[in-house]
Novice: 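Have a look at the structure that comes next, please.
Letters A, B, ... mirror the listed sequences (proteins, then strands); counts begin at 1. Only a predicted model underlies this, so the values are computations on that prediction, with no experimental measurement involved.
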Protein chains: 2
Amino acid sequence: MSSPSKRKVSIKDVAATAGVSLQTVSRVVNGSEEVASATRERVQAAIDSLGYRRNELARNLIQGRSRTLGVVCAGQDYLGGRQLNSGITAEAEAFGYALLIREHQPDDPEPDDRFVQGLLDRQVEGILWMLAERHTAHEALIRRITETHGVPVVALVRSESVGVPFSAFDNFGAGVMATRHLIERGRRRIVHIAGPEHAWDAQERLRGWRHAMEEAGLPADDSHLVFGNWGPEGGEAGFLTLRERLGGFDAVFAGNDHTALGAMSAAHKLGLQIPGDVAFIGVDDVKGSGWYVPPLSTIRRNRVEMGRQAVRMLARLIEAGRAGQTLALPDYLCAPELILRESS
Amino acid sequence: MSSPSKRKVSIKDVAATAGVSLQTVSRVVNGSEEVASATRERVQAAIDSLGYRRNELARNLIQGRSRTLGVVCAGQDYLGGRQLNSGITAEAEAFGYALLIREHQPDDPEPDDRFVQGLLDRQVEGILWMLAERHTAHEALIRRITETHGVPVVALVRSESVGVPFSAFDNFGAGVMATRHLIERGRRRIVHIAGPEHAWDAQERLRGWRHAMEEAGLPADDSHLVFGNWGPEGGEAGFLTLRERLGGFDAVFAGNDHTALGAMSAAHKLGLQIPGDVAFIGVDDVKGSGWYVPPLSTIRRNRVEMGRQAVRMLARLIEAGRAGQTLALPDYLCAPELILRESS
DNA sequence: CTGTTAGCGCATTCAT
DNA sequence: ATGAATGCGCTAACAG
């Protein structure tokens with residue numbers, strides 16, 4: 001093995017071996033034009049031979065900016081929860097921002113100030129908020145982050161009441177789209193197995209279902225509705241509950257694909273034909289949903305684009321903040337896309 | 001709205017309002033015992049009223065440590081790829097480390113020095129390597145990170161040749177376990193639809209299959225094997241290829257659950273009974289696999305524990321490096337767990 | 001074009 | 001038990 005911990009080479013070392021001042025090295029490193037090409041080459045040679053790399057920490061400190069974004073996300077198994085979508089990482093990369101992650105585990109206490117303190121202490125310039133719970137504690141926390149600490153926040157969940165701009169999926173539109181699709185297919189008794197009651201996106205999809213049903217003059221009262229947990233268990237239980245409650249129905253709009261999967265499983269066990277007796281549609285276009293039995297119709301969202309937009313918005317807010325301005329940013333609403341398969 | 005960007009309060013402000021020196025404030029903040037309780041309270045009062053929080057960036061700079069770990073992971077849709085598992089975040093949190101993420105997108109060029117430079121420039125103290133490709137470029141890069149830059153690396157994929165300790169799933173053991181299970185169930189013609197050929201874990205699972213087959217005196221030549229892509233498409237295509245090639249077989253060991261899903265779909269279309277005509281087993285225990293048709297037997301790995309172990313190992317290596325020692329760390333191999341369901 | 005002076009916010013000597 | 005001086009690695013503002 002070679003020497004384990006060789007001292008880091010600093011700008012000072014480069015300056016010494018190149019025989020110039022620190023400042024000149026700094027200029028070369030930052031690509032300033034105001035340096036003679038002769039010295040530039042000399043400095044560059046020293047940099048290369050010493051293997052110098054500038055210490056971003058020091059640079060961040062003096063410039064008063066960390067070039068870092070905080071990401072607050074759920075640590076659960078929900079798709080779109082724990083998963084960092086590549087749009088965020090790619091766009092952050094492009095803006096020169098690093099990403100600091102803070103996960104909220106399901107069994108953690110509700111997020112309070114201490115929860116984001118670690119991000120704030122590391123001087124993140126902005127925060128991407130990916131938690132979908134409808135909890136007033138969240139709203140208060142977000143407000144404190146933006147107002148007390150002056151750190152901009154962009155939400156990846158639609159939640160007007162929080163008062164920060166968002167880049168989110170049009171969950172309401174998705175609910176409408178899914179339900180209208182079933183109606184167009186001639187279905188009339190369409191039930192909804194929603195996500196958890198306290199989740200923003202679940203509520204929005206539910207609203208969409210109700211809207212589409214009512215505009216078609218079909219029943220969408222609470223008897224046609226049951227809440228699940230985003231998982232197959234909830235879908236299975238919900239399906240059985242609804243059967244017992246209503247006797248029968250001819251279509252299921254499931255809050256997401258996993259819920260639909262569980263519900264379809266229940267239908268199979270009851271000997272029902274899909275889509276003959278009951279049609280199904282989900283939301284997410286989860287990996288594998290095209291190979292369920294039968295392949296599941298679903299609503300897709302462009303996560304990459306949502307992520308990109310969120311980072312762009314945050315970057316603009318940070319920029320404005322540095323300039324001392326307050327910016328009213330338009331939200332970005334990601335359009336749902338219908339994926340037709342055999343289940344409906 | 002309140003004032004958008006109030007100047008950050010520093011240790012200096014606290015010292016002024018409390019009427020003490022910077023040093024004393026520093027002591028209070030760091031919980032040193034050597035401070036009179038009277039002054040401590042005065043300082044604490046100033047801290048509270050001003051809302052002071054220490055700037056971790058400055059602290060990191062002077063201490064020469066960033067309290068940050070780099071995470072290099074795949075930006076793909078593979079389960080276990082993009083997903084940061086909560087074991088990592090939880091344990092990092094416990095050690096006081098922040099996580100800096102660097103994703104490798106499938107269409108990115110092979111990782112070179114520039115790929116990890118961003119992490120290194122931000123002075124990460126260690127790197128968690130989650131890329132599973134068997135590429136010599138990776139090995140060379142990892143070696144340069146540890147040797148040239150003196151930054152320890154722990155892999156989350158078993159890959160002895162790289163020469164860094166790992167905390168990984170026992171993919172070989174999983175292959176053996178899955179295959180033996182099928183054999184015990186009386187299956188004899190057991191084919192394997194593997195992951196991509198260049199993936200470490202795919203190769204290990206394949207080896208496990210071959211080992212179990214040969215120890216039972218069953219055929220495990222290349223005609224019983226086909227490579228997939230970790231997705232249902234690969235499973236479907238692989239199943240059809242094997243049918244055409246062999247005529248028939250009575251069990252499929254799929255490289256992962258999604259592959260199994262695609263293969264089961266192909267079997268359904270051919271009118272085969274599962275598990276009557278063909279049994280199936282996968283690996284991953286993906287969300288939903290318990291509701292596939294039929295529910296899929298699979299091998300589970302404890303991701304949380306793997307993550308915890310990896311961070312612990314890295315922390316120890318960092319500690320040793322600071323003390324100038326070289327540490328030979330035992331690897332951690334996560335034991336596979338058989339999940340029995342109806343497909344086998 | 002280049003060097004000097006200063007300081008980001010904090011912790012680590014050493015004094016007292 | 002407290003304070004003063006020093007410096008981490010770098011850049012901003014000014015000189016020359």
Novice: Using whole Å, what does the distance between atom C1' of nucleotide D/dC10 and atom CG of A/Asp13 come to?
Specialist: 13 Å
Novice: How does protein contact run along nucleotides 4-12 of chain C, one letter per nucleotide 5' to 3', with B for base contact, S for sugar-phosphate only, - for none, heavy atoms under 4.0 Å?
Specialist: B--BBBBBB
Novice: Rounded to whole Å, please give me the gap between CG in A/Leu57 and P in D/dT11.
Specialist: 13 Å
Novice: List in chain and number order the residues that pass side chain to side chain donor-acceptor pair (under 3.5 Å) with A/Glu41, two or more places apart in sequence or in another chain; answer none if no residue qualifies.
Specialist: none
Novice: For residues 134-143 of chain B, which residue pairs pass the salt bridge (charged side-chain N to carboxylate O under 4.0 Å, His left out) check, not counting sequence neighbours?
Specialist: none
Novice: Using five base pairs at each end to define the local axes, how bent is the helix from C/dC1-D/dG16 to C/dT16-D/dA1, to the nearest 10°?
Specialist: 40°
Novice: Could you note down all residue pairs passing salt bridge (charged side-chain N to carboxylate O under 4.0 Å, His left out) where residues 18-38 of chain A supplies at least one of them, sequence neighbours left out?
Specialist: none
Novice: Here's a test for you: under salt bridge (Lys or Arg N to Asp or Glu O under 4.0 Å), which of A/Arg67, A/Lys8, A/Arg59, A/Arg53 qualifies with B/Asp121?
Specialist: A/Arg53
Novice: When you measure from the side-chain N and O atoms of B/Thr39 to the phosphate of D/dT2, is any distance below 4.0 Å, counting only OP1 and OP2?
Specialist: yes
Novice: Hey, are the side chains of B/Glu125 and B/Val151 touching, using non-hydrogen atoms and a 4.5 Å cut-off?
Specialist: no
Novice: What do you reckon, is CZ of B/Arg42 surrounded by more than 12 foreign heavy atoms closer than 6.0 Å?
Specialist: yes
Novice: Quick one: A/Arg42 CZ to C/dC1 C1', roughly how many Å, whole number?
Specialist: 13 Å
Novice: With sequence neighbours left out, write down each residue that passes ring-ring contact (aromatic ring centres under 6.0 Å, His included) with B/Phe95, or none if nothing qualifies.
Specialist: none
